[in-house]
Amino acid sequence: MVAIDERGYYGEFGGAYIPEMLYANIEELRQNYLEIMREPAFEREFRALLKDYVGRPTPLYLAKRLSEHYGARIYLKREDLNHTGAHKINNTVGQILLANRLGKKRIIAETGAGQHGVATATVCALAGLQCIVYMGAVDIRRQAPNVARMRMLGAEVRPAISGSQTLKDATNEAIRDWINNPEDTHYIIGSVVGPHPYPDMVARFQSVISEEIRWQLSGQAGRENPDIIVACVGGGSNAAGAFYHFLDEESVRLVAVEAAGLGIHSGESAATSVLGTKGIIHGSRTLLMQTPDGQIVEPYSISAGLDYPGIGPLHAHLIATGRAEAASITDDEALAAGYFLSRKEGIIPALETAHAFAALDKISYRPDDIIIVNLSGRGDKDLDTYINHYERFQKAGL
Amino acid sequence: MNRIQQLFARQQRDILNIYFTAGYPGLDDTERIILALDKAGASLIELGMPYSDPLADGPTIQQSSQVALKNGMTLQLLFEQAKAARKRSEIPIVLMGYFNQVMQYGEQRFFNHCVEAGIDGLILPDLPLYEYERSYQSMISQAGLSISFLITPQTPEARIRKVDELSQGFVYMVADSSITGAKSGIADRQLAYFERVDKLGLKNPRLIGFGISNRETFELACRYASGAIIGSAFIKALSAAADVEQAALDFVRGIRGSARPV
Ligand SMILES: Cc1ncc(COP(=O)(O)O)c(C=O)c1O
């Protein structure tokens, strides 16, 4: 059984390696999150917002032309149709309600692609709370539309100028902000990373994805369990949400798709499960990319949301124990899959999500297998990147 | 007794602990700075293991860490430099760094190499009490190393007592809810916290750190604790220095004034 213990460990991964300055806040969360999440009033409010504000349930769509192409039954879980365009909002709706219960007045977040930042700015507007989003200076440049959206939603976007100026550094800055503001602030982490209880809390908020898949698939295909679930992994929240209710269903294959950047061994990659070793990042004992001396390595991916040198402890555990398979997809493979899905199904996926689709070319499956691809987000934010590479792919006839 | 315990057995007041990042500003400055600090009258040295992602540190120490890493600093080099300094100085040295570095080096190997290099104690801010007790307490105490845990204005009394019980040498009292970095002055609410902890009668001496930057704040801290730790302000002095030894001498004299204790 896949389970987390009281100290936040999935097997040997997890825990809370935090400086004492964060202890009071993390302990407050640890002692309260399950109780709050189980309150009927909280549950009602969370469900109502997911339905009426986010637009859930998201459709489970049998992609006919894609299925024909691959010779399998491919269903798309349409998280791209959520309000704000990605799965990220499932978690931020949950955490803002939790922050309210804890009496917090100020919200901070980190963001890579900007999707989590937008989702956080959105729920802060909804709740009338101050919102500060840390974003790597490099990501601010490559995800400009999302920066504008966050500002329009009333959030302050603060550039992280340390390190590689991407998601890892934005996370560092958010943690430092929390250390400096220990009383009134809640940190909404955007993935299943960070110290316990974040990985478990975020996975629970995202688990609505697999909960819906079960009843939707049962209605459409006559069975609850698919054969394979494919999801991209940055920190791992959309994958955790899509896997959650199937973790103990051994017949369901779980495929975690990572970004290989310019190639796994090119030195420009974010394929943590291949390149990573055990260590500590952002307060969690997990797999991360680092030098033999324990310095964290700067990752690279064309996709800002996958450009993270670690993975959440749940995924480290699933991969280490063989419960999940990992696949790695390069920038070009992801772009090609993004163009392909656009033409085949009329859906332009986020670049992160495009990695999951590219994995369909890499994994083994039987004819008629039911494969679910978690369509974590839409590609609006990535149009510039898609357009910039479009001609090159056209010329190559891809 | 290691050198930290000997120090506090001798002296319970006006302890000046100076932090700097190993390998900064130059790769080979570590030994020179340690010796100069000793000569100038620092009581204790907190030697920083430069880290790529120092979560609890402000811009000054982040930047010194980046420079040190760019200079080619590694843990192996750090141990060699500390060993060389140890041949010429008996000043107690505490290593400060993030736990991932210790893990990658191999915990037992790391503690052994600390002892071989003449390191006396450890500050590992992201090693929580729970993990320490569960896995590392016996290794560290068998090696004869001290370890100092942190308390903050938010730490409840029961936990302060737990920190005191587990710490060896001294308790690191974080002056304010913040990351490291020089601030202007010390506020009244901080003094109330210093006073509150002072009255708890802890077994360990306390050193106050974070935001202590000059003679005035040092002396104020010394009224409520056994001494203080200065980091960012010293790093700034080093960064502007033509001669790091002279900068260390001048800095310590500026803090100590003429009334240099024994
Ligand atoms: C659409 C989309 N998918 C996936 C991710 C990766 O995050 P995670 O692995 O937490 O799902 C992001 C992150 O920004 C995203 O925007």
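Below, all heavy atoms of this structure are taken into account, side chains as well, without hydrogens, waters or symmetry copies. In what follows, chains carry the letters A, B, and so on, assigned in the order in which the sequence lines appear, proteins first and then strands, with residues in each chain numbered from 1.
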Using 4.0 Å as the upper bound for N to carboxylate O, is an ion pair formed by [Y] and [X]?
X: A:K168; Y: A:E298; result: yes
X: B:E157; Y: B:R196; result: no
X: A:E20; Y: B:R159; result: yes

Distance-only check: which donor-acceptor pairs under 3.5 Å involve side-chain atoms of residues 307-318 of chain A, not counting sequence neighbours?
unit_1 : atom_1 : unit_2 : atom_2 : d
A:D307 : OD1    : A:Y300 : N      : 3.4
A:D307 : OD2    : A:R142 : NH2    : 2.6
A:Y308 : OH     : A:H282 : ND1    : 2.7
A:H315 : NE2    : A:G236 : O      : 2.7
A:H317 : ND1    : A:Y10  : O      : 3.4

Subject >> A:T185, A:D184, A:D177 screened by side chain to side chain donor-acceptor pair (under 3.5 Å) with A:N181, the one that passes >> reply: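 Looking at A:T185, A:D184, A:D177, the match for A:N181 under the side chain to side chain donor-acceptor pair (under 3.5 Å) is A:D177.
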Heavy-atom cut-off 4.5 Å, strictly under: side chain, backbone, both or neither for [X] against chain A?
X: B:Y172; answer: neither
X: B:Y132; answer: neither
X: B:L124; answer: neither
X: B:Q101; answer: both
X: B:P54; answer: both

Subject >> Partner chain B: residue of A:S162, A:P19, A:P292 with the largest heavy-atom pair count (under 4.5 Å) >> reply: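 Looking at each of A:S162, A:P19, A:P292 in turn, A:P19 comes out on top.
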Original post:
Do you know which of A:I18, A:T291, A:I281 has the most heavy-atom pairs under 4.5 Å to chain B?
Top reply: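 Of the candidates given, the most pairs with chain B belong to A:I18.
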[X] portion near chain B, given a 4.5 angstrom heavy-atom threshold:
X: A:Y23; value: side chain
X: A:L22; value: neither
X: A:E183; value: side chain

Original post:
Which of the residues B:I151, B:L75, B:V174, B:T155 is involved in the greatest number of heavy-atom pairs with chain A at under 4.5 angstrom?
Top reply: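 Highest number of heavy-atom pairs under 4.5 Å: B:L75.
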**OP:** Output the option from B:L129, B:L150, B:V102, B:D176 having the highest count of non-hydrogen pairs under 4.5 Å with chain A.
**Re:**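 It is B:L150.
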Original post:
If you draw the axis of the six-membered ring of B:F170, does the NZ or CZ of B:R206 fall within 45° of it and under 6.0 Å from the ring centre?
Top reply: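 Relative to the ring axis of B:F170, which defines the angle, B:R206 lies outside at least one limit.
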Original post:
Without hydrogens or angle criteria, can the side chains of A:Q95 and A:N91 be said to hold a donor-acceptor pair below 3.5 Å?
Top reply: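 Yes, side-chain donor-acceptor contact under 3.5 Å.
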Original post:
Just checking, any donor-acceptor pair under 3.5 angstrom between side chains of B:S141 and B:Q168?
Top reply: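 No donor-acceptor contact under 3.5 Å links the two side chains.
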